[in-house]
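Here the structure is a predicted model, which is why all the values come from computation and not from measurement. Counting convention: from 1, in listed order, for ligands and their atoms alike.
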Amino acid sequence: MSDRPFNFSAGPATLPEPVLRATQESVWDLAGSGIGVMEHSHRGKEFSAVLERAEGLCRELASVPDDYAVLFLQGGASLQFCMAPMNFLGADETADYINTGSWSKKAIKEAKKFGTVNVPGSSEDENFTYIPPASSLSFSPSAAYCHFTSNNTIFGTEFAEEPAPPSGAPLVCDASSDIFSRPIDVSKYGLIYAGAQKNLGPSGVAVVIVRKDLADKAPESLPTFLQYRTHIAGNSTFNTPNTFGIYVVSEVFAWIKEQGGLAAMGEHNKAKASPLYAYLDESEFFQGTARPDSRSLMNVTFRGPSEELEKQFIAEAAAKGLLGLKGHRSVGGMRASIYNAMPTAGVETLIEFMKAFERANK
Ligand SMILES: *Cc1c(COP(=O)(O)O)cnc(C)c1O
């Protein structure tokens, strides 16, 4: 492992070494079955055991209540942008959508195709560098649900706690880039969805946790595949799911459990991100872009003194085995994605490199 580069890519992202090792083995021979995980029928007993383990560990890690279904779907988080309103938002209803970045905007765009969208708060006025404070949010009186993006992968901001609509509207959350990075109270939510490729596994699987009574209310006129109830009834095997992806997600869940679960993950992530932010605060060369009260523990966004020096920084870092530090094309600068699987040593190495680069170039 020590000779591997550190991968700061925003997603698909780095995976824990034990997960990669177990996957190598299972690609060849799944659990002594003689054939590999990608070669098993999605209805056979070997894959059924994988699926059961994935769901069981997910429920255990987040204490998912029994009235919620855990699904492993395809289409990424992006399909959830339209599936959520299709299932939960009537043409004559309103949903609240907090606008904290590019992914929120994409979710809003889709929801508008199905009903009315009210935006209780937005940070677009300052290029999404902050999370609108709870006191500033103007919720609608009877929203079908309240959607938020818990971590803004591109802008490096993260909700410290869930929005609390006074109407008691169920929360719908795009948790793609911070799911299972800290404890979560699932009972506050109607729907939690996440593309797996940031914190939970490879791309091609979306983890969806949905309250069953909400799924029951969806119009039967929707295409069968786009109704949550179809996948609940079919236990994520209505059609052939991403069997390989679900296997890897099950291994990531097992790894998180071994680390001590979500509370331990949360402590680990705080301890990992804080020296990097502390350095950004003291540096006169690099500058963090997110407001300190809104900083993400998953995606640390920062700028250098000039675009030229930023380019040089990214290239020199890559040559030293620190990969994927280029910021999203829509904002520029740098972004260090330090999800669950990024070891502390990766962040320490990055800080050392940043200090050396600052000394050499200021
Ligand atoms: C990456 C990401 C998405 C997009 O996920 P896909 O699986 O590519 O559809 C959506 N929302 C957030 C917050 C993300 O980080």
Side-chain angles (χ1 to χ4, degrees), residues 7-15 71-86 97-111 122-124 127-132 145-160 162-163 171-182 184 189 191-210 225-226 231 236 241-242 244-246 248-249 252 269 273 289-290 294-301 324 326-331 335-342:
N7 175 17
F8 294 92
S9 165
T14 199
L15 284 164
L71 304 174
F72 301 95
L73 304 183
Q74 298 179 62
S78 296
L79 182 60
Q80 298 305 308
F81 292 162
C82 62
M83 244 176 111
M86 270 181 157
Y97 273 75
I98 302 172
N99 182 17
T100 53
S102 315
W103 297 115
S104 302
K105 285 174 82 166
K106 288 189 175 165
I108 289 169
K109 180 174 174 221
E110 295 306 304
S122 167
S123 49
E124 193 161 18
N127 197 28
F128 299 118
T129 49
Y130 70 102
I131 298 291
Y145 58 85
C146 171
H147 182 282
F148 72 113
T149 312
S150 51
N151 183 74
N152 298 281
T153 324
I154 294 172
F155 296 96
T157 64
E158 188 173 20
F159 279 80
E162 289 101 346
L171 296 175
V172 169
C173 181
D174 175 2
S176 291
S177 50
D178 69 346
I179 189 166
F180 288 9
S181 68
R182 55 182 173 175
I184 183 166
Y189 293 80
L191 171 73
I192 301 162
Y193 62 89
Q197 68 272 21
K198 276 92 184 211
N199 250 326
L200 298 180
S203 59
V205 198
V207 174
V208 171
I209 303 174
V210 59
F225 196 82
L226 298 177
H231 300 285
S236 301
N242 179 351
F244 173 73
I246 295 169
V248 180
V249 169
V252 172
N269 285 323
T289 55
S294 304
R295 284 169 168 172
S296 166
L297 297 186
M298 301 282 99
N299 309 97
V300 180
T301 49
K326 194 172 186 310
H328 190 269
R329 59 189 185 281
S330 65
V331 296
R335 169 175 54 177
S337 296
I338 52 172
Y339 301 119
N340 285 351
M342 171 57 67

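- Residue contacts with ligand 1: Gln197 is included, with a non-hydrogen atom under 4.0 Å away.
- By the 30° and 60° cut-offs, the orientation of the rings of Tyr97 relative to Tyr145 is perpendicular.
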Do Gln74 and Leu79 pass the side chain to side chain contact (heavy atoms under 4.5 Å, CB included) test, and can you show the C-alpha distance, the side-chain angles, and the key distance before you say yes or no? CA-CA 8 Å; Gln74 298 179 62; Leu79 182 60; over 6 Å; no
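- Counting protein heavy atoms only, atom 2 (C) of ligand 1 is closest to Lys198 NZ, 2.4 Å.
- The single protein non-hydrogen atom nearest to atom 5 (O) of ligand 1 is Ala77 CB, 3.5 Å, given as residue, atom name and distance.
- Taking the six-membered ring where the residue is Trp, Phe148 and Phe159 present perpendicular rings, their angle passing 60° and hence far from 30°.
- Near Ser78, meaning under 4.0 Å from one of its heavy atoms, ligand 1 places the atoms 6 (P), 9 (O).
- Contact atoms of ligand 1 toward Asn151: 13 (C) (distance under 4.0 Å to a heavy atom of the residue).
- Of the protein's heavy atoms, Thr153 OG1, 2.4 Å lies nearest to atom 15 (O) of ligand 1.
- Annotation for ligand 1: atoms under 4.0 Å from non-hydrogen atoms of Gly76 are 7 (O), 9 (O).
- Within the listing of ligand 1, atoms 13 (C) sit less than 4.0 angstrom from a heavy atom of Thr149.
- In this pair, Tyr193 and His147 present their aromatic rings tilted. The plane angle is within the 30 to 60° band.
- Of the protein's non-hydrogen atoms, the one nearest atom 11 (N) of ligand 1 is Asp174 OD2, 2.6 Å.
- Against a heavy-atom cut-off of under 4.0 Å, Phe81 is close to the following atoms of ligand 1: 10 (C).
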Evaluate the criterion side chain to side chain donor-acceptor pair (under 3.5 Å) for residue pair Asn99 and Ser104; output intermediate values, then yes/no. CA-CA 5 Å; Asn99 182 17; Ser104 302; 4.5 Å; no
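- Ligand 1 lies out of reach of Leu79, whose nearest heavy atom is not under 4.0 Å from it.
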Between Thr153 and Asn299, is the side chain to side chain donor-acceptor pair (under 3.5 Å) condition met? List the steps. CA-CA 6 Å; Thr153 324; Asn299 309 97; 4.6 Å; no
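- Atoms CD and CG, from Gln80 and Leu71 in turn, are 8.5 Å apart once rounded to the nearest 0.5 Å.
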Please step through side chain to side chain donor-acceptor pair (under 3.5 Å) for the pair Thr100 and Asn152, ending with a clear verdict. CA-CA 7 Å; Thr100 53; Asn152 298 281; 2.8 Å; yes
